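Structure first, commentary second.
Worth knowing before you read on, the calculation uses all heavy atoms, side chains too, and leaves out hydrogens, waters and symmetry mates. Since we're looking at a predicted model, the values are computed, not measured. All ligand and atom numbering here is 1-based and tracks the order in the structure.
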Amino acid sequence: MTAPTSAASRDEYVLTLSCPDKPGIVHAVSSYLFMTGCNIEDSQQFCAHDTGRFFMRVHFSAVEPTTAEKLRASFAAIGDSFRMDWELHSTEHPMRVVLMVSKFGHCLNDLLFRTRIGALPVEIAAVVSNHTDFAELAASYDVPFHHIPVTPGTKAEAEAELLRLVKDTGAELVVLARYMQVISDDLCRELAGRIINIHHSFLPSFKGAKPYHQAHARGVKLIGATAHYVTAELDEGPIIEQEVERVGHALSPGQLVAVGRDVECQALARAVKWHSERRVLLNGHRTVIFS
Ligand SMILES: Nc1nc2c(c(=O)[nH]1)N[C@@H](CN(C=O)c1ccc(C(=O)N[C@@H](CCC(=O)O)C(=O)O)cc1)CN2
């Protein structure tokens, strides 16, 4: 399923970069774009003084038609001279995404609907689940559904099948929309920076299982959700977005779960939108968000 596209995004690109900070980085990038016949639509930058790294995102249009490949070739020397980690992508096609779910479908349903109405600039290539509960929901959005059961003894084959699907669909992003299986270290490495999870607590509080019951037992007055990149360390990946909601003493754990559904959907949708628009840059174990 594809988000409705806007005619204007034909010859527009996004450059993201990070590099050791020094004078002249913005000058070099903007001069390159000017000399290449490009026009800056939006530019954001940030210097992280604690890590000494500079971060930049530039959205630009090409006055004379060109391609991402040609632009990458002509920018490479500048990237090398500043020791940049950089990416340059056309905005013509929405990012292809695989959504994963287990037994709770509220985030899946929310992402499918937001994509259908054009509020999320992605193309959902497939829905994957270790259960069959949401096969009909995926079909109602004309999205292929893949049932990949997981048991302790079949996790390796299940993950191999998932990786084949990611490669076959050309998906750039995997979203764990309440997918309740721990991803192996190998798959985390293979898809580093390309898996986003929604954890149903305001991390670092209440890691692991049953966070709403943990929150109830602690007597919190705010509950939250955290969208983060998935790493081998459970619930420890770089945080992209968080959301909270005020709760009262009278709410049961089950009622906290109900309040949490909307909070999870909001945090995850914003994280997926920002990632798909290439607004999230990694700064070590943290993120820089050019929203
Ligand atoms: N490598 C990672 N994998 C996953 C992460 C992560 O941060 N790193 N987040 C989880 C989601 N999650 C919490 O947000 C979570 C999901 C599942 C479990 C868990 O212990 N699962 C059990 C099986 C449970 C079941 O079968 O229902 C397990 O895998 O043995 C903990 C945290 C997604 N994956």
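A side-chain N or O of N130 and one of S102 form a donor-acceptor pair less than 3.5 Å apart.
Listed by chain and residue number, H106, V257, A258 satisfy the side chain to side chain contact (heavy atoms under 4.5 Å, CB included) test with R261 (two or more places apart in sequence, or in another chain). Listed by chain and number, the residues in a side-chain hydrogen bond (donor to acceptor under 3.5 Å, both in side chains) with Y229 are H275 (sequence neighbours excluded). The side chain to side chain contact (heavy atoms under 4.5 Å, CB included) check on A139 picks up nothing, with sequence neighbours excluded.
A salt bridge links D133 to K103: one of the charged nitrogens lies within less than 4.0 Å of a carboxylate oxygen.
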Distances under 3.5 Å, N/O of ligand 1 against N/O of the protein: list each pair and its distance.
| from | atom 1 | to | atom 2 | distance (Å) |
| --- | --- | --- | --- | --- |
| ligand 1 | 1 (N) | I183 | O | 2.9 |
| ligand 1 | 1 (N) | T231 | O | 3.0 |
| ligand 1 | 3 (N) | I183 | N | 2.9 |
| ligand 1 | 7 (O) | D235 | N | 2.9 |
| ligand 1 | 8 (N) | T231 | O | 3.0 |
| ligand 1 | 9 (N) | N197 | ND2 | 3.4 |
| ligand 1 | 14 (O) | N197 | ND2 | 3.1 |
| ligand 1 | 14 (O) | H199 | ND1 | 2.7 |
| ligand 1 | 21 (N) | M180 | O | 3.3 |
| ligand 1 | 26 (O) | Q181 | NE2 | 2.9 |
| ligand 1 | 29 (O) | V182 | N | 3.1 |
| ligand 1 | 34 (N) | Q181 | O | 2.8 |

_For E264 and R178: C-alpha separation, side-chain torsions, deciding distance, then whether salt bridge (charged side-chain N to carboxylate O under 4.0 Å, His left out) applies._
CA-CA 9 Å; E264 293 165 36; R178 294 300 300 270; 2.9 Å; yes
